[in-house]
Amino acid sequence: MDKLLIHGGLPLNGEIAVSGAKNAALPILCAGLLSAEPLRLKNVPALNDISTMRRLLQQMGVSVFDEGDGGMLLDSAGLNNPLAPYDMVKTMRASILVLGPLVARFGEARVSLPGGCAIGARPIDQHIKGLRAMGAEISVEQGYVHARAKRLHGTRIVTDIVTVTGTENLMMAAVLAEGETIIENAAREPEVVDLADCLNAMGARVSGAGSGCVVVRGVERLHGAAHAVMPDRIETGTYLCAAAATGGNIRLTRARPSNLDAVIAKLVEAGCEITREADAIRLEAPRRLKAVSVRTEPYPAFPTDMQAQFMAINCVAEGAAAVRETVFENRFMHAVELTRLGADIKIDSNVALVTGVPRLEGATVMATDLRASASLVIAGLVAQGETRIERIYHLDRGYERMETKLACLGANVRRAA
Ligand code: EPZ
């Protein structure tokens with residue numbers, strides 16, 4: 001099982017390019033199910049989750065061609081098996097994103113319930129509620145969601161909670177429905193907007209994505225299209241935090257600073273100099289950061305996917321800060337691993353009080369989920385001595401070639417079996 005070995009204490013300096021967004025590419029790959037004509041994608045990140053989604057689509061009868069350098073061609077003309085089996089769904093809960101497109105295009109879907117994951121129960125009741133409101137007959141038997149509909153019909157849906165993949169699933173279901181669908185209390189994440197842009201390029205009529213109220217006017221069919229996946233804002237934020245914690249100076253290209261306002265504001269509050277360009281962002285860190293409190297909320301507020309990274313930078317900052325997680329019920333598992341490196345963290349329900357210490361000491365730690373892994377990497381980059389991070393398959397799900405990119409910035413990091 002791979003591990004990452006990091007010798008900390010070196011500032012990150014230099015320039016790297018940001019990869020395509022995992023959480024935009026995953027729903028957009030599923031959008032390929034909606035048309036019998038090819039969907040040509042660019043800037044698809046080379047991640048384990050993307051490979052998993054690709055295998056899932058291929059076993060449904062979708063042809064997927066690698067076109068090199070982030071290019072991918074999807075051809076769903078041969079779609080003949082609207083099934084997402086448990087052994088694939090259990091490794092990646094985003095598989096649930098095939099549900100809406102399959103019911104819309106094929107009239108039927110059998111998708112394994114994702115089950116919980118390390119960070120929470122993560123139910124899909126809102127996905128099911130919305131599809132039922134659009135006329136789908138849905139039963140849950142032997143751990144599978146079985147959905148059927150001759151043709152979905154438009155309706156007005158108000159989700160009980162803001163859900164990113166819930167909004168995406170319902171948006172994809174609605175594009176081929178009869179009539180108009182309004183999704184209120186919709187997620188406003190940039191990845192939802194990127195999916196809407198791709199659907200509209202395919203001939204869908206989606207408006208309001210990013211506003212909290214999405215309106216979809218159903219059409220008879222979608223045609224092929226070409227779409228470039230947006231840059232990964234969480235990868236961008238992760239490298240900014242790594243440079244901030246190590247007293248570095250980096251420039252990230254192929255980025256989109258405009259969807260990182262809440263994160264940038266917190267890094268400036270911590271004492272960093274940030275320079276925005278149209279498709280790049282530069283960060284110059286102070287000698288030592290000031291501790292900053294964060295509270296996770298749906299976009300455009302501070303993202304839950306950046307919570308673990310900010311807990312890590314607060315571990316060595318000056319002062320104390322409260323990290324409040326309001327989106328998931330169990331997203332503090334990195335805290336106990338950070339304390340193994342010498343961090344001072346006290347947890348009370350969904351608040352972690354982090355008191356900055358002068359330094360961390362390298363140790364062996366274990367990754368538990370994707371963003372927890374990223375926080376351990378950041379801590380290892382600042383800890384004195386060697387930090388060994390085990391189970392880094394979690395990291396490989398969402399970060400493309402992280403050790404290579406970090407080494408480009410001057411880090412002493414290598415992967416070991
Ligand atoms: C997406 O997950 C992201 N994944 C997550 O990123 C991200 O953390 C999350 O949105 C929040 O921003 C992808 O886009 C593939 P939610 P999702 O539905 O859609 C509850 C990463 O690190 N809920 O917005 O699964 C749920 O339990 C991953 O890249 C229901 O109760 O998250 C949670 O408490 C981790 N019922 C809250 O809503 C539902 O039907 C928000 O979840 C759906 C969700």
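For the single chain, residues carry numbers from 1 onward in sequence order. Remember, it's 1-based here, ligands and their atoms both numbered in the order they're listed.
- The number of heavy-atom neighbours closer than 6.0 Å to CZ of R391, taken from other residues, nucleotides and ligands shown, is 12 or below.
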List, pair by pair, the atoms of ligand 1 and of the protein that are both N or O and lie under 3.5 Å apart, giving the separation rounded to 0.1 Å.
| unit_1 | atom_1 | unit_2 | atom_2 | d |
| --- | --- | --- | --- | --- |
| ligand 1 | 2 (O) | R122 | NH2 | 3.3 |
| ligand 1 | 6 (O) | N23 | ND2 | 3.2 |
| ligand 1 | 6 (O) | D305 | OD2 | 3.1 |
| ligand 1 | 8 (O) | D305 | OD1 | 2.5 |
| ligand 1 | 8 (O) | D305 | OD2 | 3.4 |
| ligand 1 | 8 (O) | R331 | NH1 | 3.4 |
| ligand 1 | 18 (O) | T163 | OG1 | 2.7 |
| ligand 1 | 19 (O) | T165 | N | 2.8 |
| ligand 1 | 19 (O) | T165 | OG1 | 2.6 |
| ligand 1 | 22 (O) | R331 | NH2 | 3.3 |
| ligand 1 | 22 (O) | R371 | NE | 2.9 |
| ligand 1 | 24 (O) | V164 | N | 2.8 |
| ligand 1 | 25 (O) | R122 | NH2 | 3.0 |
| ligand 1 | 29 (O) | K22 | NZ | 2.9 |
| ligand 1 | 29 (O) | N23 | ND2 | 3.0 |
| ligand 1 | 29 (O) | R371 | NH2 | 2.8 |
| ligand 1 | 34 (O) | V327 | O | 2.6 |
| ligand 1 | 36 (N) | P123 | O | 3.4 |
| ligand 1 | 36 (N) | D125 | OD1 | 2.8 |
| ligand 1 | 40 (O) | P123 | O | 3.3 |
| ligand 1 | 40 (O) | D125 | N | 3.1 |
| ligand 1 | 40 (O) | D125 | OD1 | 3.4 |
| ligand 1 | 40 (O) | Q126 | N | 2.8 |

Query raised in the report: Step by step, would you call F310 with F302 a ring-ring contact (aromatic ring centres under 6.0 Å, His included)?
Result: CA-CA 11 Å; F310 267 74; F302 187 87; 5.0 Å; yes

Below 3.5 Å, can you tabulate the donor-acceptor pairs from side chains in residues 152-159 to any protein atom, sequence neighbours excluded?
| unit_1 | atom_1 | unit_2 | atom_2 | d |
| --- | --- | --- | --- | --- |
| R156 | NE | E184 | OE2 | 3.2 |
| R156 | NH2 | E184 | OE2 | 3.3 |
| T159 | OG1 | I161 | O | 3.1 |
| T159 | OG1 | N185 | O | 3.1 |

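- Both the sub-6.0 Å distance and the 45° axial angle are not jointly satisfied by R188 relative to the ring of Y299.
- Among R148, H146, K150, the single residue meeting the side-chain hydrogen bond (donor to acceptor under 3.5 Å, both in side chains) criterion with E108 is H146.
- Remark: of the listed residues N169, T163, D160, D160 is the sole one forming a side-chain hydrogen bond (donor to acceptor under 3.5 Å, both in side chains) with Q126.
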